[in-house]
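In what follows, a single structure is set out as structure tokens and then discussed.
Heavy-atom basis, side chains included; hydrogens, waters and symmetry copies ignored. Since the model is a prediction, treat every value here as computed from it, not as a measurement. Note on naming: letters A, B, ... go to the chains in the order of the sequence lines (proteins, then strands), and numbering restarts at 1 for each one.
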Amino acid sequence: MNVRGPLLEVGEVREVSTRYGERDLVELTVRPDGGAREGERSEPSTRTGSGATREHADPVTVTLWGKWTHTAEHAEEGMELLVTDAERDDYGDREGYTTSSESYVVLEPDFLVDVTDVRSWVQCPRMYYLNKLSGIPLNYPVVKGTVVHEVFGDLLRGVNLEESIDDRVAEAGLELGLLGMEREEVADEVRRNAAAIQGWLNQGTLATDDDTSAGGENAAERDESGSADAGDGANASLSEWDGGPDESEWRSEYTLISPTFGIKGRADALRRGQPVELKTGKNTKRDPRFQDKIQAACYALLLRERGVDVDTGTLLYTKNTALDRGEESGDLSPAKEFSVGKGLLEFVVRQRNEIAAAEFDVSVPTGYEADATCEYCFEQDTCMVVSGRLDQESKAGQIGTALPEEEREYFDRTYRALEEERRETHAEYRKLWEQTAEERAADDRALIDLVPVSEEPIGDGRWRLTARKETDAVSKLREGDVALASDGDPASGHAELGRIRKLGDEVVVETDEPVELHRLDVYPSELSVSRMHTAVHDFVLKGDPDRKDVLFGRRDPAFADRSSAGGPYIDNNDAQNAAVERAVDAEDFALVHGPPGTGKTYTIARIVRALVERGDRVLLSAFTNRAVDNAVEALREQGFEDVLRVGTETGVRGDMQDLRLVTRGEPNDRAAKLNSAPVVAATTSSCGSRTMREQEFDVAIVDEASQLTEPGTLAAVNRADRFVLVGDHEQLPPVVRAENHLRESLFQRLIEDHPDAGVMLDRQYRMSQRIQAFSSREFYDGKLRPATPEVAGQTLADLGVDTADLPPELRDSVSFVDPNGTREGNANPVEADRVAEVVDAYVAAGVDPDDIGVIAPFRAQVAEIGRRTDVTVDTVDRFQGSSEEVIVVSFVATGDLSSPIFEDTRRVNVALTRAKKALCLVGDAEALATEPFYERMLEWARR
DNA sequence: CCTCTGCAAAGAGGA
């Protein structure tokens, strides 16, 4: 049975005499909470059948024996503890449990540690930390490694070697070019690496070719071939291994997530269910490198959890080829096998527990945790510099002077906040197995009950999976997303990551391996957290001291006078012209505050042109792909085409693909394309990528900056000498999962600290006078005004609508309707009915349905309304940045406004300012009147 | 409660 729950008490390790001799033990007190967790598969847990509720669960004593006491030494009160296969061992009058020989002890199982992190932690915990801070840099061994891995996967999928090499080298074209590599020299090297793989693969194939029954009984023959020394265990696993009919021997790239051990990762390959790790290097030693074994052992652990009887790990060192081999050095065969015993698996779990414990209190590793010797460490210098600058204790020691205290404090605070974000992401992973399929679907995080139609190979070893969606279910998933395709059970069944190509009644997903597509899940990603870490690292540890003086408030931003020579830039809008001038003159940064409809995008495009005319290289960035594309579109409308759009094919809008940097191709050519572009446009997330981190610009312009966290903004800003932030802090703030200071954008901080560095665009081109009045008064001190009399006076009549054809309550350009509905969860069906009626009334009066948009605060209500009308319905958050002639807003709430979503009135500002000519608010007057802000809104709407 | 991006993983040195 499994025991799981928060630790109430952690005892001291002591040694006792047993009939087996002296042994260590430690006693822990746990309050079991297992009964409440439905996701616990297999084992019944301690609460089951006890009848007690979770709150009243009695504490139990858990005794950890032997080496598990090591984990107890890292355990603290408040951490979650899991002991698998515990045995009942009552202790006085108290319920007690003890570890058995089958047990694993897991600390904080909800904290998901990546296999590669276990690997680096084992090498040195400090290395784990440094990797987290600085990310993986762009260097040749890493890029080559990736290419060889891809080729390996292709070989397993039956792709021709030369075709694969051509293809994969071309795919890495941009990165190779930036590294100054020629295609042929890389291809040659990859070919040499692949030869080792292929030679070894052929040995394995011979063994199975002889045995056409797909079982591969004659492993003995394989053993004779020299490299393998796997015992009978490998055979035993064959019967257990359920790889499907066509893959009795090999599988490539296997995604594994373990809820029990709190480990996730992706194995390079499985051979008869046994993990194979590829290493693009040489190992002249007899045994595999220890950290390589650790990595393979992690996969073995995760596979065993799925019932595969793994006892052997294989490491494939591709540089150990016949060419390099000394005359009789038999140890240089590429494959090194090792047996995976229980002891190694337990070691892996204990190491993983150390990581989870360190992350529990967000502590910074010192290096003393490991036996590693700093003087032989490749990273010693980096390690010492980081320790010195951040004044951290470290085994390697410190060099250099510490950064000012406020910088170190900022670094620590932000680091902690980002780790909180990571935990929230882990909570998303957890839901993959804790929630039932139905709960996931209700949460909009999965499409379930798909009916598989076909699995077809589409070349390059990829597969196209097609399924039918027989319900009108909705989810957060969108075309172009990477998602987890599974046979219905993403946690313990067969699941593959793939990209969604179609998402209608027919669902199409492309994957590396075929799966019976029954279910599609949102796959959480730690990518943004990682990129924010590196952005903060680049800013604090590698950033320009001058810039830091300004951002840490030690100096005011400076402005030169360059614009009087270059301007005026815009002659019919003083504020816009002032914004361009401010941006051109900025020595450090400028801020453009753009309320709704004030021509932000146009101004941005003008700023870009003004800077390029001066000879500056410009980075044009924004939080979303949509905003980046809009900015590029504005540039094109102004006749400027010399823009390079960096981004994924699915991220970049169709009509911008011609400007997109295709990363695949001839290395020199690709690199030159990027290096020579005077304007590069990319999302802030892309700005944190390995390739973009190598690029330098004179100015970075960031749109939607008020929706970005500070580290998110830094990812773009780090790339340039000066920067311009464009945004509106009176609209939606950054969305972060955890409650912390990341909720305030850099834009907002700077505009509050340095109002003079900013220009507010005060004339809006979108809303009629009547519609904009409330927003202007409540959010912009009454300073926002219509740009022209035409804008101010626009009405539905301009669309050919006779207002007399509308019901009386909708004739004013701002109206309010109370449908007397009732909130049910996050929806309000009666209100949804009324919203649909309102929409119909506008359409009946002659408004084009394409000119109408409906906004609701909750996705549930969006879906509810969507079932009743064909016009665009979306959440506030997704409507930001766009507008419609007519907007209908559904407030959902009845009785009171008891939901956090109503607390931030900026969301309302966004909703109300999407409308040009007519705005209808649909809600419960009584509920809205409970808050002064909403009451004022009512008064305005009902005038 | 709202939402964004975007697969993950890849190398190497040496008592």
Side-chain angles (χ1 to χ4, degrees), chain A residues 114-116 119-120 123 136-150 152-153 172 175 253-255 264-268 277-283 285 289 291-292 295 318-319 372-373 375-380 476 478 480-484 496-500 510-512 522-532 622-628 647-648 650-651 682-690 704 707-709 712 715 732-737 825-826 856-862 874-880 892 898-904 906-907 910:
Chain A
D114 204 277
V115 171
T116 52
R119 177 196 158 96
S120 62
Q123 223 175 329
I136 301 165
L138 182 67
N139 64 26
Y140 181 57
V142 175
V143 177
K144 184 192 68 187
T146 309
V147 172
V148 175
H149 272 79
E150 302 284 4
F152 177 48
E175 293 195 330
E253 304 191 283
Y254 200 101
T255 303
K264 67 174 164 45
R266 201 170 188 203
D268 284 342
E277 263 308 291
L278 182 71
K279 295 291 155 195
T280 321
K282 179 146 51 174
N283 178 359
K285 305 274 165 52
R289 243 175 238 115
Q291 61 265 31
D292 296 343
Q295 195 174 353
T318 59
K319 269 198 184 158
T373 320
E375 58 178 299
Y376 305 128
C377 177
F378 212 50
E379 302 293 340
Q380 188 187 10
K476 303 169 77 166
R478 272 172 282 169
D481 284 1
V482 167
L484 200 59
E496 287 285 336
L497 279 176
R499 197 175 284 280
I500 302 174
E510 285 175 14
T511 56
D512 282 341
V522 170
Y523 188 74
S525 167
E526 291 181 42
L527 187 95
S528 29
V529 171
S530 311
R531 291 205 170 156
M532 288 195 277
F623 181 42
T624 61
N625 271 309
R626 195 171 60 179
V628 174
T648 59
T650 46
T683 59
T684 48
S685 181
S686 293
C687 291
S689 70
R690 217 162 51 178
E704 294 186 335
Q707 284 182 77
L708 277 162
T709 59
L732 295 172
V735 176
V736 288
R737 292 185 170 94
N826 286 326
F858 309 111
R859 266 209 309 274
Q861 179 74 348
V862 167
D874 228 323
T875 55
V876 186
D877 302 62
R878 293 194 38 187
F879 243 104
Q880 178 151 345
V892 182
S898 64
S899 173
I901 201 159
F902 296 110
E903 277 169 25
D904 197 334
R906 290 179 287 187
R907 188 167 267 108
V910 174

Next item on the list: Begin with the C-alpha distance, continue with both residues' side-chain angles, and end with the deciding distance and a verdict on salt bridge (charged side-chain N to carboxylate O under 4.0 Å, His left out) for A/Arg119 and A/Asp292.
Entry: CA-CA 7 Å; A/Arg119 177 196 158 96; A/Asp292 296 343; 2.4 Å; yes

Next item on the list: Tell me what A/Phe858 touches on the nucleic acid: a base, only sugar-phosphate, or nothing, going by heavy atoms under 4.0 Å.
Entry: sugar-phosphate

Next item on the list: Tell me what A/Asp904 touches on the nucleic acid: a base, only sugar-phosphate, or nothing, going by heavy atoms under 4.0 Å.
Entry: nothing

Check: Looking across every strand, which nucleic acid part, if any, lies under 4.0 Å from A/Ser686 by heavy atom: base, sugar-phosphate, or nothing?
Finding: sugar-phosphate

Notebook entry, point to check: Which part of the nucleic acid, if any, lies within reach of A/Arg690 when heavy atoms closer than 4.0 Å are counted: base, sugar-phosphate only, or nothing?
Noted result: base

Next item on the list: Identify whether any heavy atom of A/Ile136 sits under 4.0 Å from a base atom; if not, whether one sits that close to sugar-phosphate; answer base, sugar-phosphate or nothing.
Entry: base

Margin query: Using a heavy-atom cut-off of 4.0 Å across all strands, would you classify A/Thr875 as base, sugar-phosphate, or nothing?
Written below: sugar-phosphate

Item checked: Close side-chain approach of A/Phe152 and A/Thr318, heavy atoms under 4.5 Å -> no

Note to self: Applying side-chain contact (heavy atoms from CB on, under 4.5 Å), can you list everything that pairs with A/Gln707, at least two apart in sequence or on another chain?
What the structure shows: A/Phe623, A/Glu704, A/Gln880

Check: For A/Glu510, what residues pass the side-chain hydrogen bond (donor to acceptor under 3.5 Å, both in side chains) criterion, not counting sequence neighbours?
Finding: A/Arg501

Margin query: Categorize A/Asp481 for me: base, sugar-phosphate, or nothing, with a 4.0 angstrom heavy-atom threshold over every strand shown.
Written below: base

Margin query: Restricting to side-chain hydrogen bond (donor to acceptor under 3.5 Å, both in side chains), what partner residues turn up for A/Thr683, sequence neighbours left out?
Written below: A/Ser686

Note to self: Could you work out, with side-chain contact (heavy atoms from CB on, under 4.5 Å) as the rule, every residue matching A/Asp874, not counting sequence neighbours?
What the structure shows: A/Arg878, A/Phe879

Check: Base, sugar-phosphate alone, or nothing: which one does A/Lys279 contact when heavy atoms must sit under 4.0 Å apart?
Finding: sugar-phosphate

Notebook entry, point to check: A/His149 or A/Tyr376: which one's nearest nucleotide on DNA chain B is closer to the 5' end?
Noted result: A/His149

Note to self: Holding to side-chain contact (heavy atoms from CB on, under 4.5 Å), I want the full list of residues that pass it with A/Val482, two or more places apart in sequence or in another chain.
What the structure shows: A/Leu497, A/Arg499

Notebook entry, point to check: Are A/Glu379 and A/Gln123 close enough that some pair of their side-chain heavy atoms sits under 4.5 Å apart?
Noted result: no

Note to self: Counting the atoms with a prime plus P, OP1 and OP2 as sugar-phosphate, which does A/Pro857 contact under 4.0 Å by heavy atoms, base, sugar-phosphate, or nothing?
What the structure shows: sugar-phosphate

Margin query: What contact category does A/Tyr523 fall into here, base, sugar-phosphate, or nothing, at under 4.0 angstrom with non-hydrogen atoms?
Written below: base

Item checked: Partners passing side-chain contact (heavy atoms from CB on, under 4.5 Å) against A/Ala856 (at least two apart in sequence or in another chain) -> A/Gln861, A/Val862, A/Ile865, A/Ser890

Note to self: Regarding A/Arg737, tell me which of base, sugar-phosphate or nothing describes its non-hydrogen contacts under 4.0 Å with the strands shown.
What the structure shows: base

Next item on the list: Mind checking A/Gln123 for me? I need base, sugar-phosphate or nothing, with any heavy atom below 4.0 Å counting as a touch.
Entry: base

Next item on the list: Using the heavy-atom set of chain A and a strict 4.0 Å cut-off, write down the first and last nucleotide of DNA chain B that makes it in, 5' to 3'.
Entry: B/dC1 to B/dA15

Note to self: Using a heavy-atom cut-off of 4.0 Å across all strands, would you classify A/Ser685 as base, sugar-phosphate, or nothing?
What the structure shows: sugar-phosphate

Next item on the list: Dot-bracket for DNA chain B, please, read 5' to 3', with Watson-Crick or G-U wobble pairs under 3.5 Å on both distances, ( ) within the strand, [ ] crossing, | other strand, . unpaired.
Entry: ...............

Check: Taking only residues two or more places apart in sequence or in another chain, which ones pass side-chain hydrogen bond (donor to acceptor under 3.5 Å, both in side chains) with A/Thr373?
Finding: none

Item checked: Residue mapping more 5' on DNA chain B - nearest nucleotide basis, A/Thr373 or A/Arg119 -> A/Arg119

Note to self: Students often get this wrong, so: under 4.0 angstrom with heavy atoms, is A/Gln295 touching a base, only sugar-phosphate, or nothing?
What the structure shows: sugar-phosphate

